[in-house]
Amino acid sequence: KMKISDKLEKVDQSFTVNMYDNGYMFEISGRKLGVDEYSNCKIITNTSEELLDLVREAVAMPKND
């Protein structure tokens, strides 16, 4: 199961959720893991529970200044 922290070290203050017939796409921007580069992270989930896990993770992560 993909996590935001697999891709990003810090996240921006907002994220986007797209709903599809067969799942969701969670999109968030932030700073790449290990380097100080800006990046975008898109994760597709099949269930609302997986989506909520991503929201919880985003809220708990360090934020960009």
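Quick caveat: nothing in here was measured; it's all calculated off a predicted structure.
- With sequence neighbours excluded, the residues satisfying side chain to side chain donor-acceptor pair (under 3.5 Å) with Asn64 are Asp12.
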* Can you check side-chain hydrogen bond (donor to acceptor under 3.5 Å, both in side chains) on Glu27 and Asn40, steps first, answer last? -> CA-CA 7 Å; Glu27 182 176 3; Asn40 199 25; 2.7 Å; yes
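- Not a single donor-acceptor pair under 3.5 Å links the side chain of Glu57 to the backbone N or O of Lys3.
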List, one per line, each side-chain donor-acceptor pair under 3.5 Å for residues 42-50, sequence neighbours excluded.
residue	atom	partner	partner atom	Å
Thr47	OG1	Glu50	N	3.1
Glu50	OE1	Asn46	N	2.8
Glu50	OE1	Thr47	N	3.3

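- Hydrophobic clustering of Ile, Leu, Val, Met, Phe, Trp and Tyr side chains at less than 4.5 Å, counting indirect connections, unites Ile4 with Met2.
- Rounded to the nearest 0.5 Å, atoms CE (Met25) and CE (Met19) are 12.5 Å apart.
- Taking CZ from Arg31 and CG from Asp36, the interatomic distance works out to 5.0 Å, rounded to the nearest 0.5 Å.
- Of all non-hydrogen atoms in Cys41 and Leu8, the two that sit nearest each other are CB-CD1, 3.8 Å.
- In terms of heavy atoms, Lys10 sits closest to Lys63 at CD-O, 4.0 Å.
- Lys32 pairs by the salt bridge (Lys or Arg N to Asp or Glu O under 4.0 Å) definition with Glu37, not counting sequence neighbours.
- Residue pairs satisfying the ring pair (Phe, Tyr, Trp, His ring centres under 6.0 Å) criterion with at least one member in residues 1-31, sequence neighbours excluded, are listed as follows: Phe15-Phe26.
- Both Val55 and Ile28 sit in one connected hydrophobic cluster of ILVMFWY residues. Membership requires side-chain heavy atoms under 4.5 Å apart, directly or through other members.
- In the hydrophobic clustering, where aliphatic and aromatic side chains (Ile, Leu, Val, Met, Phe, Trp, Tyr) are joined below 4.5 Å either directly or transitively, Tyr38 stands alone.
- In this structure the side chain of Asp53 reaches within 4.5 angstrom of the side chain of Arg56, judged on heavy atoms.
- The salt bridge (Lys or Arg N to Asp or Glu O under 4.0 Å) test applied to Asp6 returns no partner, not counting sequence neighbours.
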